[in-house]
There are 2 protein chains.
Amino acid sequence: MPPMNRNSPALSSDSASVQDYVKAIYASTEWRDQPVTSSQLAVRLGVANSSVSGMVRKLVDLGLAVHEPYSAIELTAEGHRLALAMVRRHRLLETFLVQELGYAWDEVHDEAELLEHTVSDTFIERLANKLGHPERDPHGDPIPAADGTVDVPEANQLGRLDPGHTGHIIRISDANPDLLRFLSAERISLDSRVEVMGHRPFGGPLVVRIGSAEHLRELDLGDEAAAALWVANDTPHENCLLRT
Amino acid sequence: MPPMNRNSPALSSDSASVQDYVKAIYASTEWRDQPVTSSQLAVRLGVANSSVSGMVRKLVDLGLAVHEPYSAIELTAEGHRLALAMVRRHRLLETFLVQELGYAWDEVHDEAELLEHTVSDTFIERLANKLGHPERDPHGDPIPAADGTVDVPEANQLGRLDPGHTGHIIRISDANPDLLRFLSAERISLDSRVEVMGHRPFGGPLVVRIGSAEHLRELDLGDEAAAALWVANDTPHENCLLRT
DNA sequence: TCCCTTTTTTCGGCATACCTAAATTTACGA
DNA sequence: TCGTAAATTTAGGTATGCCGAAAAAAGGGA
Ligand SMILES: [Mn+2]
Ligand SMILES: [Mn+2]
Ligand SMILES: [Mn+2]
Ligand SMILES: [Mn+2]
């Protein structure tokens, strides 16, 4: 009989590792739609494959994940709740570090990765209050509300857009701090306007036009940079109807 | 041959447990002058005696403590440095929670006890900066400077003063949150003026006069409360010379 | 000086979360 | 369909830090 014994608090009582695994499972489907495999998790978490096997068994026992041996790993409703709670913590903490302590956006991820497991629910809610309940973190990632609702905006990786496409950057992957520093140096930031010009020949970099009006400039971006930048379409969609 | 291999960073690379043990050894002599015993440490840390024996061996191996079997435990210079670094972290974090996040002074200890192990040196120094380099925490405990210097003020427990003594409260032990709430309710806080009246007969509570001028009032304090309040003498001493 | 109580240490175990190496299962191309 | 390479799981082992029980040391009173 399964261990139906998780009384809802969701967060407390789970180890930092359990929290990180659940968060990693969630993160791997936040901007894509394929369930994550064991070895993908291992890479993301920097552990051996065998460690993932062991921990996934534990997550299943805890009622946080579902997993048929040799197949992909998914979260239960309970696991999803825990993941969103952790993501909320992480992103609020990053926002705090930037807004209140003067961190640069490439410095906050690692600090938040540890703090997210340590602060209390009270801390997080008081922090959210002080910060004015922000809706996205310094990298544009949406911050789930306390009740577990999130709105993940529609967006595509810059590298996957066709020439001619225009939009603005609504998210920048914070996976690589060096890349974030590069982007800062190039004055690319959240909400920058972009237009895709096309690739330079023979597998060359992507040429984009960044900025608007008199600050507009052209720039070559490597694959990694183009994949880290997520662009929302400028064309109106259901949330933004044109009125005559 | 002893493991002389600690390269000075002092802090990083020590586990949270090591940090807490070292801090506990330091704390037990901050306001008294007797070295701590194994079983006292066990009580303070809430672990079994055998756990202390094991960890003390490890502290000795790390060069953080000195210990002859069956005798008291003391810190090395290195251990003392680590302890002060941890105490600085703890007290800055408590100050932050009260000043920036609106915590009450009875809520901060447990949160700081965890956070102190998780935040980075960078975090602590940026926090100290934001807070304006406070010299004492919400309970009056002195905050060591980044260079490891501390000034522990001269003070006595209220319960040990003779009748007629006057002074002001410069420190309130934060060991018992319930006591802190009681003191708040009685409007006793840091810097309150006190005058010792004497004990009620037959081992009764201590009678003190609290406050100054028109807010002056008389109060009965139990032993635990009287021991938690530390009073600095009103009489001038070397740091506070009278000028004609 | 010699018990006998108290304190402290040692010993064997447990839980977590890793690892490497050896099975096992899956999936794809011949 | 078969065989092999890749992905995954299992097995066995390490490091921490905790526990209870048993052994050893200390020390105070008779
Ligand atoms: Mn984390
Ligand atoms: Mn982020
Ligand atoms: Mn602590
Ligand atoms: Mn304090």
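Here is the naming used below: chain letters follow the sequence lines, and residue numbers restart at 1 for every chain. Reckoned from all heavy atoms, side chains included, excluding hydrogens, waters and symmetry mates.
- The distance between atom CG of B:Asp20 and atom P of D:dT16, rounded to the nearest whole Å, is 17 Å.
- Salt bridge annotation for A:Arg136-A:Asp141: absent, with no cationic side-chain nitrogen under 4.0 angstrom from a carboxylate oxygen.
- As rounded to whole Å, 11 Å separates atom P of D:dC19 from atom CE of B:Met55.
- The side chain of B:Ser15 places an N or O atom within less than 4.0 Å of a non-bridging phosphate oxygen (OP1 or OP2) of D:dG17.
- B:Arg181 CZ: more than 12 foreign heavy atoms inside a 6.0 Å radius.
- In terms of phosphate contacts, A:Ser53 brings a side-chain nitrogen or oxygen within less than 4.0 Å of OP1 or OP2 of D:dT9.
- Around the CD atom of A:Glu135, the shell of radius 6.0 Å holds no more than 12 heavy atoms that belong to other residues, nucleotides or ligands.
- By the 6.0 Å contact criterion, CG on B:Asp223 is open, its count of non-hydrogen atoms from other residues, nucleotides or ligands being 12 or less.
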Could you list all N or O pairs between the protein and nucleotides 24-27 of chain D that sit under 3.5 Å apart?
residue, atom, partner, partner atom, Å
D:dA25, O4', B:Tyr70, OH, 3.3

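- Residues from residues 29-50 of chain A that place a heavy atom under 4.0 Å from any atom of DNA chain D, listed by number: A:Thr37, A:Ser38, A:Ser39, A:Asn49, A:Ser50.
- Counting heavy atoms from C-beta outward, B:Leu93 and B:Leu127 have side chains that approach closer than 4.5 Å.
- The only member of B:Arg171, B:Lys23, B:Arg91 that meets salt bridge (charged side-chain N to carboxylate O under 4.0 Å, His left out) when paired with B:Glu30 is B:Arg91.
- Inter-residue side-chain proximity for B:Val36 and B:Glu74 is flagged as unmet; no heavy-atom pair is nearer than 4.5 Å.
- Each salt bridge (charged side-chain N to carboxylate O under 4.0 Å, His left out) pair with one or both residues in residues 93-103 of chain A, not counting sequence neighbours, appears once here: A:Glu100-B:Lys130.
- Side-chain contact annotation: A:His165 with A:Asn156, donor-acceptor N/O pair under 3.5 Å absent.
- Among the heavy atoms of the strands lying under 4.0 Å from A:Ser17 are primed sugar atoms or P, OP1, OP2 only; no base atom is included.
- Running 5' to 3' along DNA chain C, contacts with non-hydrogen atoms of chain B at under 4.0 Å begin and end at C:dT8 to C:dT10.
- Between the axis at the start and the axis at the end of the helix from C:dT1-D:dA30 to C:dA30-D:dT1 there is an angle of 20°, using five pairs per end and rounding to 10 degrees.
- Pairs of residues two or more places apart, or lying in two chains, never qualify as salt bridge (charged side-chain N to carboxylate O under 4.0 Å, His left out) while including a residue from residues 32-56 of chain B.
- Between B:Val22 and B:Met86 the shortest side-chain heavy-atom distance does not fall below 4.5 Å.
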Fill in: Stepwise salt bridge (charged side-chain N to carboxylate O under 4.0 Å, His left out) test for B:Glu116 and B:Arg88
CA-CA 9 Å; B:Glu116 63 190 3; B:Arg88 171 173 168 79; over 6 Å; no
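- For the pair B:His117 NE2 and D:dG17 C1', the computed distance is 14 Å after rounding to whole Å.
- To the nearest 0.5 Å, atom CD of residue A:Gln19 and atom NE2 of residue A:His90 are 13.0 Å apart.
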